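What follows is a short report on a single structure.
We count ligands from 1, going down the list as the structure has it; atoms in each ligand are counted the same way. None of these values were measured; they are calculated from a predicted model.
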Amino acid sequence: MAFAITQTCCADASCVSVCPVNCIHPAPGEPDFGSTGMLYIDPQACIDCGACADACPVDAIFPVASLTEQLKPYADINASYYDGKSTSDGDPGPNFHAWGEPVFDRAIPAGFAPLDVAVVGTGPAGMYAVEDLLSHTNSRVTLIDRLPVAGGLVRHGVAPDHTSTRKIGETFARFHHHPRLRLRLGVEVGTDISAAELAARHDAVIYAVGASSPRDLGVPGEDLPGSLAATTVVGWYNGHPDVPADAVDLAAERVVLVGNGNVALDVARILTMDPAELANTRISPDALERLRSSKVREVVVLGRRGPEDAAYTGPELLGLAGRHDVDLVVDEHDDRIGQAIDTAARGDKAALLRGVRREAVDWTAPPPHGQRRIVLRFHSAPRAFTGDTQVRGLRVTGGEDVEIAAGRVIRAVGHRGAPVGDLRFDERTGTIPHTGGRVAPGTYVVGWIKRGPSGGIGANRTCARETVGALLDDAIAGRLPRRRRGGVVRRALRR
Ligand code: SF4
């Protein structure tokens, strides 16, 4: 009996290096790594040792025999990743997973003077960089965040009911008390201290500032009251200090969510689930109070493409489909939808919708009474918001154009980064240009500001390894700029 990786997989690959038989894939360095949303255990090769379960930072790995009813499909999901590419059947096939070259933690020469490194941002990208610096070098780290609380996206981006995923924050928080780390919260680079001042006080600065600005849809009417960015809604239910407690009004019966990534599914789930279930989570008390009196009966999740190309991950969809307090419905307004679902191969995303009810939804009618529901509508691109002084609906394509009457429209079509100080910024990608994480010797980037807003928490681990590697290369080669001490900078960081 094998082990299986389940819904909360963070894909940071902590489990890969402890597996004695190399049966967890895709591993860092393999082509699929970072694009599958989760990792998978090959049940034919697994020797059932349990080492991966001990190493997993989010408690996502269990023996197949002990999977709960809701997690049982993961036995099949893990196995189906290896369809035609077993590591153990003697026939290597196209995806045979041979051991790759060993990767050793980066080291610096003995006797090398400690580096003083500033890391800006306390989210996963910054914390993986901090972990690397503190665990594998003798560096001293100044960890800075503009907010008065640490945690970044783990604290303010992960849905409150995803308690296992949020656990990784505890792993990161252990480093906040490391003797070689100074934590400085409520310090904003560009306001409380300039980038030049920060650089002058440290041997190197790593920016892990993420990509927190919402992307626009670029359709008429999106600035109308009643149109909200998903970042606002997520910040609202997670108690983000920048988002007012009354930022989200739930007086509408139907909400349309534009976008079908994991954030859209998170928001749809939080808006429809029983508030009593949320009461035991880290949800903001103000948001919980509003959810208790919410009028929302239906959330429509709009995707431009078909179910086979949806941006959400399989585990997120499966989590939603398994809920008993919410009806999940696919709007079958187009023949391509049923066809994609019925013909999908085992393990494909569209195949996960096979058990989900399908109907051609009448958008001229109000949402039905009874249990709340989430409607997945594919092949639908937004054309324009309707309403004069307030959102009344959204006109979408999909065969003929259709107007979906809705009192709230939430835009969940991604994020983009913002410029940092006077560092060069690529407006097209919303990132800071770099080579392997190096902006210039002494200045580095990691996470979404480096590679754009894609990849989950775990993707930052290899990203940070690359960036810290570039920093150490520069240090060893004597390329880091000389720094000066004292003055205004010391005062700003002393707060
Ligand atoms: Fe590898 Fe042991 Fe986990 Fe199986 S139980 S995947 S052999 S670490």
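- With a 4.0 Å cut-off on non-hydrogen atoms, Ile47 touches ligand 1 through its backbone as well as its side chain.
- Counting the atoms of ligand 1 from 1 in the order shown, those under 4.0 Å from a heavy atom of Ile24 are 6 (S).
- Counting only heavy atoms of the protein, atom 2 (Fe) of ligand 1 lies nearest to Cys49 SG, 2.3 Å.
- Metal site remark for atom 2 (Fe) of ligand 1: Cys23 contributes no N, O or S atom at a distance under 2.8 Å.
- A donor-acceptor pair shorter than 3.5 Å can be found between the side chains of Gln371 and Asp327.
- Coordination check, Cys19 versus atom 1 (Fe) of ligand 1: passed, since an N/O/S atom of the residue sits under 2.8 Å.
- The pair Asp331-Arg377 counts as a salt bridge, with a side-chain nitrogen and a carboxylate oxygen less than 4.0 angstrom apart.
- Salt bridge present: Arg146 and Asp242 bring a charged side-chain N and a carboxylate O closer than 4.0 Å.
- Those atoms of ligand 1 with a heavy atom of Ile41 less than 4.0 angstrom away are 6 (S).
- Residue Cys52: an N/O/S atom is found under 2.8 Å from atom 3 (Fe) of ligand 1.
- No side-chain N or O of Asn460 forms a donor-acceptor pair with one of Arg465 less than 3.5 Å apart.
- No hydrogens or angles considered: nothing links the side chains of Asp286 and Ser284 as a donor-acceptor pair under 3.5 Å.
- The atoms of ligand 1 that sit less than 4.0 Å from any heavy atom of Val21 are 7 (S).
- At a 4.0 Å heavy-atom cut-off, ligand 1 does not touch Ile61 at all.
- Judged by distance alone, the side chains of Asp42 and Tyr81 never bring a donor and an acceptor atom under 3.5 Å apart.
- Counting only N and O atoms by type, the side chains of Asn238 and Arg166 include a donor and acceptor under 3.5 Å apart.
- In this structure, a donor-acceptor pair under 3.5 Å is present between the side chains of Arg269 and His162.
- From the protein, the heavy atom lying nearest to atom 4 (Fe) of ligand 1 is Cys46 SG, 2.3 Å.
- Among all non-hydrogen protein atoms, the one lying nearest atom 5 (S) of ligand 1 is Gly50 N, 3.2 Å.
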